[in-house]
Amino acid sequence: PTIGSKDKTITTLLVPLEAVFVTNTERYVYIYDSGVAKRRLIKTRNVIGNDIEVTEGLSSGDVIIIDRRIFEGQKVESDTTANTVEERG
């Protein structure tokens, strides 16, 4: 969704909670990049149902991997991915 105001527009992307990994110091997802899993740091805000708002770190067109057994650099089949990140508004 896109949230608009007179001064600026803020774009927020929603991703499935199950795709987000959380440590004491960071939050990240794995994205599909030319057949390989790449770790991407993100910033999040609110949980909405089974999704979480990502405010930084992802772009429209990124493909998020939802398999919890994934690791950095692992070769990935396309059926392991969730879907392509799309802006809506």
Side-chain angles (χ1 to χ4, degrees):
T2 303
I3 303 166
S5 70
K6 290 182 180 179
D7 299 325
K8 61 183 178 177
T9 300
I10 301 168
T11 300
T12 300
L13 302 171
L14 297 175
V15 300
L17 274 172
E18 63 187 303
V20 179
F21 293 80
V22 179
T23 70
N24 289 336
T25 58
E26 60 192 18
R27 292 173 187 224
Y28 60 93
V29 295
Y30 287 103
I31 62 166
Y32 179 86
D33 184 9
S34 302
V36 177
K38 300 282 181 154
R39 189 170 157 224
R40 177 81 57 87
L41 294 176
I42 59 172
K43 290 190 179 181
T44 62
R45 196 177 323 176
N46 299 317
V47 174
I48 302 171
N50 292 326
D51 297 321
I52 189 165
E53 292 178 288
V54 176
T55 58
E56 290 182 34
L58 291 177
S59 300
S60 183
D62 287 339
V63 178
I64 300 169
I65 300 169
I66 59 170
D67 188 337
R68 300 295 290 183
R69 300 166 293 170
I70 204 78
F71 56 87
E72 176 80 17
Q74 180 177 349
K75 291 186 179 182
V76 179
E77 299 294 327
S78 61
D79 63 351
T80 312
T81 59
N83 56 8
T84 303
V85 175
E86 297 176 1
E87 293 181 21
R88 297 180 186 176

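Numbers here simply count residues along the sequence, with the first being 1.
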Approximate separation, where rounding is to 0.5 Å, of Asp51 CG and Thr44 OG1: 12.5 Å

Nearest-0.5 Å distance, CG of residue Leu13 to CD1 of residue Ile52: 12.5 Å

Taking all heavy atoms of [X] and all of [Y], pick out the closest pair and write down the distance.
X	Y	answer
Ile65	Ala37	CD1-CB, 3.8 Å
Ala19	Ile66	CB-CG2, 3.8 Å
Thr23	Tyr28	CG2-CE2, 4.0 Å

side-chain contact (heavy atoms from CB on, under 4.5 Å) evaluation trace for Arg40 with Leu58: CA-CA 8 Å; Arg40 177 81 57 87; Leu58 291 177; 4.2 Å; yes

Ile48 vs Leu14, side-chain contact (heavy atoms from CB on, under 4.5 Å): CA-CA, chis, key distance, verdict: CA-CA 8 Å; Ile48 302 171; Leu14 297 175; 4.1 Å; yes

Arg68 to Tyr30, cation-pi by 6.0 Å centre distance and 45° axis angle: no

Residues that Ser34 engages under side-chain contact (heavy atoms from CB on, under 4.5 Å), provided they are two or more places apart: none

Any residue meeting side-chain contact (heavy atoms from CB on, under 4.5 Å) with Lys38, in chain and number order, not counting sequence neighbours: Ile31, Asp33, Val36, Glu72

By side-chain hydrogen bond (donor to acceptor under 3.5 Å, both in side chains) - contacts of Arg69 (at least two apart): Asp67

Partners passing side-chain hydrogen bond (donor to acceptor under 3.5 Å, both in side chains) against Asn50 (at least two apart in sequence or in another chain): none

Under 3.5 Å side-chain donor-acceptor pair for Thr55 and Arg45: no

